[in-house]
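Each chain gets a letter, A, B and so on, in the order the sequences are listed, and its residues count up from 1.
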Amino acid sequence: MIEEKNKNPEEISKAFEPALHEDAIYKKWEESGFFNPDNLPDADARPPYTIVLPPPNVTGTLHLGHSLMLAVEDILTRFHRMAGYRALWVPGTDHAAIATQTKVEKLIREEGLTRHQLGREKFLERVNKFAQESHDTIIRQSKKMGSSMDWSREAYTLDAVRTRAVRSVFKMMFEDGLIYRGERVVNWCPRCHSTLADDEVEYKEQKAKLYTFKYDKDFPISISTTRPETKLGDTAIAVNPKDERYKHLVGQSFAANFCGTKLNIKIIADRQVESDFGTGALGVTPAHSMVDWKMAKEQDLPIIKVINEDGNIHEGFGEFSGKSALEARELVAQRLREAGLMESEEDVANNLSVCYRCDTPIEPIPSLQWFVNVNLPIERLGNRSIKDLSLEAVRSGVFGRDKIRILPERFEKNYFHWMNNLGDWCISRQIWFGHRIPVWYRAADNQQQTESTEKYVGIEPPAGDGWLQDEDTLDTWFSSGLWTFSTLANSEDDFAIENHKLVVKSAEFAKHHPTSVLETGYDILFFWVARMIIMTTYAVNDIPFQDVYLHGLVRDEKGRKMSKSLGNVIDPLDMITAYGTDATRLAMVVGTTPGNDLNLGEEKISGFRNLVNKIWNIARFIATSYGIDRNVTAVSAQTSADRWILDKFSNLIAEVTADIKEYRLSSAAEKLRVFTWDDLADWYLEASKFEKSENKKAILSYIITNLLKLWHPFIPFVTEAIWQEIVGGEMLMIESWPKEPGSQGDDGFELVKKVILAIRNVRAENKVEPAKKIKAVIFANAKTAQLEAARPLIMGLRTNIGEMELAEKGEAPAQAIFAAVEGVEIYLLGAIDQEKEKARIAKEIEQLDKLIGAIEMKLSNQEFVGKAPAAVIAKEKEKLSKYQADKEVLALKLAY
RNA sequence: GGACGAUUAGCUCAGUUGGUUAGAGCGCUACAUUGACAUUGUAGAGGUCAGAGGUUCGAAUCCUCUAUCGUCCACCA
């Protein structure tokens, strides 16, 4: 009946082999130019859809977390490209200042070198070389994942265009008074002579002595400390405001002579102080403790430096000067004991902060740093501070667009909590790799700048002699904070500062900003997402993105973090080699929800390899048995099975589309899998095997071509391979997303399925030989006509049902019953163990009785009837009548 | 210390915002298999939804507490 099939079985391999297709397909996509939305058909008429890739650090290779990110973003991009959007996905990499510098420092240390020995210039050469190699690896891996990014727009946080953006924004902020230079307590390693970022500090549990004493014998309050030597710099004592013991002293000042040093101590209240720790009174040493520094700033206390950059006691503290902190500690304790001031010495557990490089205990000391003031009102923005702006951007969308949405929603709470506790942001780092702070000084001695030192802040170095640039570099998040708009510029000239606003003059920016979605890990919500909102709203007066989709961390199958030391790291490239990119991508997306971690074992990936292969074989089967006509646009259903599958498919299109739009990627892929495997392959294809008509060919062509489109965003390689090699199409990637054809209505195939399953069950239970004939009675309702159409299906099934004699029984009672239940029941005669069957039916009736009883109780409950929505009650009633009808059927069977 | 999660089948996880008899994959058990696919098919077993209270006609879902695990932030005077 089929006029021509387009393929012979020998032409198509029995299994999909990813390694044979992937690279060639990627190359073809890339060469087509369609990753660049400018080249898409009707590019200008399309609404924009934009994702800017969270740039991976150039510190090595991609891990599974990156694979997850790439998979999700590629799915979104491919979907929108097919759905008629100007889909742009901008790639890029991050120089990751500290992380990269640290890596390279480690490498040169193996050669016995330090960065200081190499010097700034030579060292940076090494770092750049390393960064370049990492970059190349990362790009190669990204392409392996099938990422459809527009490589012509690739960006790097440290390239010329992005550097211009960084310097422009720095200059603007400085001129707006938002960037200032000031002292702050930093983590200082006395051995490395360098500040450490908070995440470079390691904590070591240790035993320490907690000393309790008075500064001198006339002092009214005793304090407790593990570091008595720093008390030489105390300027206050803090107590809890609720502490009755000290309430009367708050606000007073006392002079003291502490081991020969004159102190002037003010008593202050701060709720951070715990009343039951030690004496409940905390000696405030502003220069050598972060908390104390903050208190001092708030209470306007004087700051006295005790410890110098070598970790020794400063000049001016008598016998203690020049001694190391440790020596001084012992000596102070000794003097206190001698003077009879020591009240107790107690062993306590304590976390010691040490340098991650050399294990030396770090000293908090004040140091000159650059800051972004996040609370200063900005006149041109209506007296709102950045902090206010960033909150409002999320809360109410003050920028005339829809508000930023964070998925999952619960992270909005985290965001607000963080925003409300925002402190000034220290943006200077004492490392070499990164954006050097665009500030130049002219002074006799560059190391000794003062407030009066001549200073220049600008995009280009200043003219004239004697200018020296600030030694420090910017926090890497400063440049990444500009990422959504800095990547949409094509050249340095695209940026201009006009009227306290950064103008981005590129066509890309006009079309594609704000971006559609920022997809990233929840772990950098504060570091990055919040800062992007702050920086972007400030710089270009617009939100950076509309949605934030936060993915979880990828862990091993036991939920542990993947780490080299545990040996549980899964390399995505290994998975791609073993199971193919498509399977790897599915494993990243199915069974996960935004914001939750993903536990991933290799088995999960291998499971999806089977699914990918199944799809290949479905296409292979259709092509070789029927042929695929990719031009079929409309089909007509002729049998129940046709209507059933087309109805399901119509729903599938609608649901998958809605799911992807709402970021329910797991749900979309799950539905596709169920349709493909359970409905299409296991039922419709099986049922179709014995009816090779032109109409079947049309329906199968329609379903397979559109199903490939639905699958494409998830598994681009196998679908593209099928499209080009089996279907004979040009390029699936830019085909249009399927539209829902409208429901065909299901009028009976579910019933047919039921019949077939019932027959199989009865045969199995009674161990009927496949060849043996069975007499069956089919009780059918008014839908006998549909059954008639479906009969060839039943006859043709593999389970040899064809040899069964079917006899319809149309007596009045039965008809009436089944018309009511809208169902079909079959009852097989012969080869049946009567007793067993009776027992089975009795059990079923018993179960139904329970359900019926429960519903009847529910319906007789006045409160339920009164309060439940009408739809729920109707549903319950429907259920009840269905159960009752089922029961009657069973009773009839028993009687029969 | 502050905040936020998680706890559902042997394992890994869904559960669309309170409403059918709580689902999937893997694993397990039984059966099947000569014409797309053994990377297969059919069926089955397996869950007092961590525990205890509460709200409600109705709770895996909302509230409170407890336990265990986890993450982030602040800190450890």
Among U12(B), C26(B), C73(B), the one nearest E603(A) by side-chain distance: C26(B)
Candidates C13(B), C76(B), C37(B) - which lies nearest the side chain of N617(A): C37(B)
Complementary nucleotide of A3(B), counting Watson-Crick and G-U pairs under 3.5 Å: U71(B)
Length of the line joining I605(A):CD1 and U39(B):P, which is rounded to integer Å: 19 Å
Sugar-phosphate, base or nothing in reach of A619(A), heavy atoms under 4.0 Å: nothing
Polar pair under 3.5 Å, donor/acceptor by atom type, side chain K614(A), base C37(B): yes
Point-to-point distance, once rounded to the nearest 0.5 Å, from CD1 of I237(A) to OG of S222(A): 8.5 Å
Euclidean distance for P, A45(B) against C37(B) (whole angstrom): 31 Å
Pairwise C1' distance, G27(B) and G18(B) [rounded to whole Å]: 34 Å
Interatomic distance at C1', A30(B) relative to C69(B), whole Å: 38 Å
Pairing partner (Watson-Crick or G-U wobble, both distances under 3.5 angstrom) of A59(B): none
Base-pairing mate for U39(B) - Watson-Crick or G-U, with both contacts under 3.5 Å: none
Rounded interatomic separation in angstrom, taking CG from N596(A) and C1' from G15(B): 13 Å
Spacing of D678(A) atom CG relative to G23(B) atom C1', expressed in whole Å: 13 Å
N610(A) side chain, from C-beta outward: closest of U40(B), G25(B), A77(B): U40(B)
Between C63(B) and A24(B) - C1' atom distance, rounded Å: 31 Å
Per L685(A) side chain, nearest of listed nucleotides U39(B), A74(B), A36(B): A36(B)
Touch class at under 4.0 angstrom, heavy-atom based, for R664(A) against every strand present: base
Rounded C1' spacing from G44(B) to U48(B) in Å: 22 Å
Gap separating the CD atom of E343(A) from the CZ atom of F213(A), nearest 0.5 angstrom: 9.5 Å
Distance, P atom - from U68(B) to C62(B), rounded to whole angstrom: 23 Å
Nucleotide nearest M290(A) when distance is taken to its side chain, options G5(B), C75(B), A36(B): C75(B)
Between G2(B) and C65(B) - P atom distance, rounded Å: 13 Å
Inter-nucleotide P distance (U64(B), G23(B)), Å rounded: 29 Å
